[in-house]
Amino acid sequence: MELVTARLRLDALRPDDAPLLFAYRADAAVNRYQGWRPITLVEVTHFIERQLTVEFGTPGSWRQFAIRPRDGTGLIGDLGLHFVDPDTVELGITLALAQQSRGFAGEAMRAALDLVFGTLGRHRAYAAVDPRNVACVRLLQGLGLRQEALFREGWRDGAGFADEAIYALLAREWRAMATGAD
Ligand SMILES: CC(C)(COP(=O)(O)OP(=O)(O)OC[C@H]1O[C@@H](n2cnc3c(N)ncnc32)[C@H](O)[C@@H]1OP(=O)(O)O)[C@@H](O)C(=O)NCCC(=O)NCCS
């Protein structure tokens with residue numbers, strides 16, 4: 001499966017993406033608010049290989065899209081879909097530090113939400129975010145997701161327990177935004 005936007009191409013992660021994926025996923029400035037902090041390149045290679053063995057959309061599974069420039073070269077980030085149940089998808093996104101604050105995340109997430117609510121026909125999408133992660137909170141709010149929950153000390157950030165907010169959106173809300181309806 002492939003998603004193409006004005007500047008980006010989202011497609012399957014390949015084993016040869018491992019070094020670039022490892023470089024930004026292991027970067028402490030990038031993974032500060034994330035649960036997965038790979039220690040070795042082998043770990044990342046296994047992560048990519050494992051994904052390729054699971055059918056897209058399998059309940060309980062994650063599928064990570066590669067985010068590339070539109071010409072399909074290189075890797076600037078990744079976007080994950082977690083198929084929580086037949087109605088619900090969780091999203092997560094990570095960009096290499098040098099690629100942040102250029103609007104790429106909004107562009108990629110819009111394409112992913114179109115896929116989730118359009119082709120995949122899901123009812124609800126959500127993302128879990130540490131409220132200190134201002135860039136991600138702004139990103140989610142900008143896409144129209146609203147905060148539904150705050151789990152106090154709901155995850156471990158490496159140093160200790162930290163809060164976790166849930167931002168969510170329904171299919172009909174996404175469609176209403178697309179058509180400009182209330
Ligand atoms: C969260 C992340 C994906 C956002 O990516 P991005 O490409 O920088 O986001 P965009 O450029 O599309 O900007 C989205 C919004 O965030 C704001 N933003 C971006 N970087 C910001 C920063 N460092 N501080 C404050 N706001 C920021 C933008 O101004 C924009 O808000 P606006 O629409 O109100 O103008 C990126 O910062 C990242 O990869 N962080 C590390 C991984 C991570 O924490 N992922 C989130 C886990 S759910």
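Quantities reported herein were computed from a predicted structural model and do not represent experimental measurements. All ligand and atom numbering here is 1-based and tracks the order in the structure.
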**OP:** Please check if Ile166 and Leu150 belong to a single hydrophobic cluster, counting links between Ile, Leu, Val, Met, Phe, Trp and Tyr side chain heavy atoms closer than 4.5 Å.
**Re:** no
Original post:
Can Val4 be reached from Leu79 by stepping across I, L, V, M, F, W or Y side chains whose heavy atoms are under 4.5 Å apart?
Top reply: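 Looking at the clustering, Val4 is in a separate group from Leu79.
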Subject >> Within-4.5 Å side-chain heavy-atom neighbours: Phe117 and Val89 >> reply: no
Original post:
Between Ile67 and Phe104, is a side-chain contact (heavy atoms from CB on, under 4.5 Å) present by the stated rule, with each step listed?
Top reply: CA-CA 9 Å; Ile67 306 175; Phe104 287 149; 5.8 Å; no
**OP:** Let me know which protein residues bring a heavy atom to under 4.0 Å of ligand 1; chain then number is fine for ordering.
**Re:** Val30, Gln34, Ile93, Thr94, Leu95, Gln100, Ser101, Arg102, Gly103, Phe104, Ala105, Gly106, Ala128, Asn133, Val134, Ala135, Cys136, Arg138, Leu139
Original post:
Where do Asp11 and Arg9 land on the salt bridge (Lys or Arg N to Asp or Glu O under 4.0 Å) test, with the steps shown first?
Top reply: CA-CA 6 Å; Asp11 61 13; Arg9 183 174 301 269; 5.6 Å; no
**OP:** Report the residues that fulfil side chain to side chain donor-acceptor pair (under 3.5 Å) with Tyr33, sequence neighbours left out, ordered by chain and then residue number.
**Re:** none
